[in-house]
Amino acid sequence: MSFNESIIYLAFICVFLTAPSSAQDISDTKKAVIIQEHTLDGMPDCNVDNLYYRTAYILCFNPERKVPNWTAYKVVADFRNTPKREGRLSRFRNDPDIDGEAKDADYKGYFNSRGYARGHYTPYGVLGGDRDHDGELPNLEASLSDPDDEKTVFEGNYMSNIAPQHHNGFNGSPGMWWKLERWLQDKIITADNETAHVIAGAIFGPGDVEKIGPNKDIHVPPMFYKIIVINKKANKPQRTLAFLFPHHRKAHQGIHNYLTSIDVVEAMTGIDFFKDTVVDEDIDTLETWQEHFQD
DNA sequence: CGGTGGCTGGGG
DNA sequence: CCCCAGCCACCG
């Protein structure tokens, strides 16, 4: 082997050994199943190196800012069967597929000093259910828990599904992020037995943002958005909603004030969320839905 | 990593 | 009043 051949050989070995850090170990078959589940006719724009496929959601991670660009997830009534958030199911976890992500400890101290909580994009409350259809559920009682569905809950608690969010007035009650989840999960999914597809994301814009953590490398999003498609059902048409939330802790005057259109979110992010015509973006949003948010 | 206890505000 | 959903901190 010549010197040059040795270099190429070593380079190949290095690439091979480091490849799993950016390429999740998952079969194309399983990818296709997850895409079918969590997207509507096409993946929202994302650098392919930053896409991660989880049972309960698809993640488009932002490695420079160490928070998600977006996550996309389906919500049905069964997915709300997440066990009570205690014990091993409550803990935030490192993402084994991502190097250099934010760690749980990196957020330590910011709750008291700045009011930042570790805010889920894909919510804990929709990580449950019998995802593998074997009749067993995740369960706080370990001996009763289905390991496969339990892993789905663990994945939702990966730090790659997390960004700093103001706890008071945004992430927690009575914040906008909290309020919208309560409305979707409790009213639309549970009470009305609808199904929905959601895309939750952050918008940074061109300016500087606050950075937290021991290395000051976790970027605090100045805005969040959430696009909700309530799926067509029997006699009801598909309905769409798009919210644009400034990330502040002021008391909000009803989340209906933050309704916008999918087109606006697409213009601000540069992301095409729905490639084809499955989502009728003309059905938007404010006039149809304002009445539901007179809170 | 798991267990335990505390906090805030919503809602019945 | 209680329980709930979001979280946090501390301890072993």
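Residue numbers begin at 1 in each chain, while the letters A, B, ... track the order of the sequences.
- Taking the six-membered ring where the residue is Trp, the centroids of A/His197 and A/His38 are separated by 6.0 Å or more.
- A close approach under 4.0 Å does occur between a side-chain nitrogen or oxygen of A/Arg118 and OP1 or OP2 of C/dC8.
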Show me the protein contacts with nucleotides 1-4 of chain C, counting only N or O atoms at under 3.5 Å.
none

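- Put simply, the side chain of A/Arg182 and the base of B/dG9 share no donor and acceptor less than 3.5 Å apart.
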Original post:
Between A/Arg65 and A/His219, is a side chain to side chain donor-acceptor pair (under 3.5 Å) present by the stated rule, with each step listed?
Top reply: CA-CA 5 Å; A/Arg65 300 188 187 274; A/His219 296 221; 3.0 Å; yes
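- Tracing side-chain contacts under 4.5 Å through hydrophobic residues (I, L, V, M, F, W, Y), one reaches A/Ile262 starting from A/Met223; they form part of the same cluster.
- With sequence neighbours left out, A/Asp192 forms a salt bridge (charged side-chain N to carboxylate O under 4.0 Å, His left out) with A/Lys187.
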Subject >> Verdict with reasoning, A/Asp45 to A/Lys275, per salt bridge (charged side-chain N to carboxylate O under 4.0 Å, His left out) >> reply: CA-CA 9 Å; A/Asp45 291 326; A/Lys275 308 293 187 197; 2.4 Å; yes
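- A/Gln165 comes within 4.0 angstrom of no nucleic acid atom, judged by non-hydrogen atoms across all strands.
- Applying the 4.0 Å criterion to OP1 and OP2 of B/dG2, one finds that A/Arg93 has a side-chain N or O inside that range.
- At the heavy-atom level, A/Gly175 lies nowhere under 4.0 Å from the strands shown.
- Within 4.0 Å (heavy atoms only), A/Gly115 reaches no atom of the nucleic acid at all.
- The residue A/Phe92 sits close only to the backbone: its heavy atoms come under 4.0 Å of sugar-phosphate atoms, none of a base.
- OP1 or OP2 of C/dC7 sits under 4.0 Å from a side-chain N or O of A/Asn171.
- Side-chain atoms of A/Arg88 and base atoms of B/dG2 include no donor and acceptor less than 3.5 Å apart.
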